[in-house]
Amino acid sequence: MTALAEQGVPPGAPSDAVGTDQADTPLRRFLADFFESRVATGALVVLLGIVFIAVFAPWISPTDPYDLATVDIMDNRLPPGSESYTGMIYWLGTDGAGRDLLSAIFYGLRTSLSVGVMSGLIAMVLGSSIGLTAAYFGGRTDTLIMRVVDVQLSFPAILVALILLALLGKGVDKIIIALVAVQWAYYARTVRASALVERRKEYVEAATCLALSHRRILFRHVLPNCLPPLIVVVTVQTAHAISLEATLSFLGIGLPVTEPSLGLLIANGFDYMLSLKYWISIFPGIALLITIVTINLVGDQLRDVLNPRLQR
Amino acid sequence: MGSNAPTLRVEDLKTHFFTKAGVVKAVDNVSFSVDRAQILGLVGESGSGKTVTGFSILGLVDAPGRVVGGRIEFNGEDIANADEGRMQTLRGNRIAMIFQDPMMTLNPVLRVETQMMETVLAHQKVDRKTARQRARDALGQVGIPSPDERLAAYPHQFSGGMRQRVAIAIALLNDPDLIIADEPTTALDVTIQAQILFEAQKLCRERGTAMIWITHDLAVIAGLADKVCVMYAGRIVEAGAIDEVLDHPVHPYTRGLIGSVPSRNRRGVPLYQIPGMTPALLNLPPGCAFRERCPQADGACMAEPGLSVPFDGRAVRCFHPHLEAGA
Amino acid sequence: MSVFVIRRLMQSIAVVAVMSFIVFFGIHIVGDPVDMLINPEADQADIEAAMHALGLDRPAHEQYWYFLVNAFKGDLGRSFIFGEPALQLIVQRMPATLELAFAALFLSVLIGIPLGVYSGLHPDTLASKTIMSGSILGFSLPTFWVGLMMIMVFAVILGWLPSTGRGETVPLFGIPVSFLTLDGLSHLLMPAVNLALFKMSLVTRLARAGTREVVHQDYIKFARAKGLSPRRVVLVHVLKNIMIPVVTVIGLEFGGLIAFSVVTESVFAWPGMGKLIIESIQNLDRPVIVAYLMITVLMFVTINLVVDVLYSVLDPRVRLQDIRA
């Protein structure tokens, strides 16, 4: 146990430390508080549905939109509800290449969500570690780190992403790097702020007196108590990352055409919009919208529910 | 005691606040009148409804509060139910109000000049030059040195006492018939307090302005007011000429208040303290509101006492008024 | 005070230096500088001549120095696509972007403040709740998608407004602007609204929060007790107080408008810097990319510096804090 902790517990893990340290009641109370809002409950259900679609897209999509054998160019730009000559119904129509739009959206959600969540997780781990370091060591380390955070945050997200993508080029890995670069400073700032509060409390002093290692104190003791604000930032930043990725892909500087996210689908439909073939652009847009809005609604409710807990 | 037509006559005024938790009867059946050149002291602890009474007269009670009954006769006109337009022409013009905290009553981002001139321009058809002239004169009247320079200043460039003088100058701008002063000296130093009291009294006498001086401090109005109304839990419990009430209070609450003023006590004798706390006005129990803290309370006090006249010139709301002479 | 300005200035210079370093070495690490800085269609002799002219045959630190010296002279290379100096291309397109950004700023204030003040004065009405829900949408909807929807509704279906370009421009002090002609204005409207949406939501929320705080202040009740009209109480006494935080935030967010105009310009084919950089990234027109990045970073650092200094002039507490630090 100790050896394991000494090796460094990943910052994502201590969530179960909260579960074991405290009885089930706070969790249950938290859930009860959360489900008090009907809007948030509804948003959570929709969001879970979206996540389900994203995870199981290859199995639940009517067709594989990127399998050239099943895509018929003759079926291109069919309006919603049209029937292919094989008798299949395109519920949301087809795009410029004759792909079933519903399937393309399912796959697009998969790409958009995985890029958003992946970048969010990496940024959280990176940003939280940096924030913890700043708070724990204080002094010059803290000043230097927070200066960098301030300077970074004074630049708008899109400009930072633009600089990086202009230098790095297209690609899934590149866009994740760009999104992480945009987000990490928020995590660092949030974690530092709550860690500073925690650091002054007696239990950290007690842990220091027990001569526990820095890493153990940080990850096993301080970090779990920074979780509530962190959870809120995670939701907000993930929505933000998904939106930013869609924007960059729409602009043609994000994901390559081989990894079509929702932003790319919307961009593809843009050209047809002027000829009133609205569905190619609108349906992926609505999928994107629902994703972002539900995440934000869930995040809002989390903020409301977690805030009084912080003060308690 | 003044002429037959009072400047202001308030009759059975009721101002209630309709909160989610219940109805708060902040002002309940309050009656009094003020004549020209007369100063009425309205005394009570915080939460007794004296400020709300002032706001009710101006029609400035904000939601969830509302004047729900009674008459407010100003120069013979009932303004309790007057429309907003009418009230707007009266406010700051015929009826002016001075607030408690001078640090909060002036808008921090507007020049004193702007805040004074707008008061003139809102009510009188004069040009800006005349308005500015009046603002300057008013500052001079309340004893602000070099008013010309001070006009262009912002409130934060004034001290607390100076700000209250500015607020008083604003109240005087349109030569009102009635000034409601809501604890205007509470936040000030004692020396400045005395100056302001003196000036207020002088102005009132010189101009024939009626004045309601709201305070929690009997000592303040002792040398200032002509008559006094003591409020407790939204009701007037005792009213009469100031000297008589101070010399011979009949309501147990008034007696307690006077007993707790140091100057009225003999040296060496501990100050009297009214036991208990001001009752919460929300869902006030029936009967006399003071009975829980009253040394005289008995079974009779479970009923609500009406306003009675134990002798000429005095009204009291108590079943057991202290009527022996030489108290 | 001057200590603060000097410190802030040093920090800005440091940021610009770091950014020039990142951009310069980014190009050298990520790709072959010959590819990036020399027209790929040039023949071997040209390449060698160009390499020598650009100093590419020298060590990296010398090249960086060379890059900096040239940048100071205003030479950031020539565009592969246009064959013109990159800096000139960007400066030519700057007025269009600035016009769009200012129009958006103007709209977000003009619409955001009244909406915010209204919902702050009457927080429980249906209209206020609608405004607040709208501002949540304004925060979460991706700008580019809203732009597409606007084009579809107002340009394609209703045909009221043109969907692309700047329209007719007239010179104002020698700078071409759209807002002075009816045609230009009709072209400007949709992109400006699109770019403004996010900031409008922000301004609405700020104005609402400010109003809700201010209306309960004694000085507002005192203003009413003076017999002022509700109009004057709101327009002068309330508004003037909420303008301080709103103006501060607007100043800080102006840079954001310029950055986000990249999206709006691409959607509405607005011929500004943002559209140019996206096209340059797609066409790998590296000199223009480098020039854009350097110019934008410089612009940003300048805006932040000016806002910070102005803020410290306005708020004495900031100055004190800095002296103590």
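Keep in mind that what you see is a predicted model, and the values were worked out from it rather than measured. Proteins come first, then strands; the chains are lettered A, B, ... in the order of their sequence lines, and each starts at number 1.
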Quick one: closest heavy-atom pair of C:A225 and B:L58, and the distance? CB-CD1, 4.1 Å
Interface residue of largest heavy-atom contact number with chain C, from B:P108, B:A171, B:G85, B:A96, under 4.5 Å: B:P108
Tell me which of these, B:V109, B:I180, B:L173, B:T114, has more heavy-atom pairs under 4.5 Å with chain C than the rest. B:V109
If we define contacts as heavy-atom pairs under 4.5 Å, which of C:M243, C:Q217, C:R232, C:K221 has the most with chain B? C:K221
Would the number of heavy atoms belonging to other residues, nucleotides or ligands and lying under 6.0 Å from CZ of C:F106 be above 12? no
For a quick test of reading the model, state the closest non-hydrogen atom pair linking C:G227 to B:A122 and the distance between them. O-CB, 4.0 Å
How about C:H216: does its NE2 atom have over 12 heavy atoms from other parts shown lying under 6.0 Å from it? no
For each of B:T119, B:N107, B:I170, B:T89, tally heavy-atom pairs with chain C at distances under 4.5 Å, and name the one with the top tally. B:N107
Contacts satisfying salt bridge (Lys or Arg N to Asp or Glu O under 4.0 Å) that involve residues 186-200 of chain C (not counting sequence neighbours) are C:K199-C:E253
Do the side chains of B:Q115 and C:K226 get nearer than 4.5 Å, heavy atoms only? yes
Would you call B:D62-C:R224 a salt bridge at under 4.0 Å N-O? yes
Contact summary for B:Q88 and C:S229, nearest pair of heavy atoms: NE2-CA, 3.1 Å
Do you know which of C:N241, C:I220, C:V214, C:V236 has the most heavy-atom pairs with chain B at a distance under 4.5 angstrom? C:N241
Which distance, rounded to the nearest 0.5 Å, do you find between the CG of B:L106 and the CG of C:D218? 10.5 Å
Is any side-chain heavy atom of C:K240 closer than 4.5 Å to a side-chain heavy atom of B:L110? yes
Counting only heavy atoms not in B:Q124 (residues, nucleotides, ligands), do more than 12 fall under 6.0 Å from its CD? yes
What residue pairs, at least two apart or across chains, pass ring-ring contact (aromatic ring centres under 6.0 Å, His included) with a residue in residues 217-246 of chain C? B:F99-C:F222
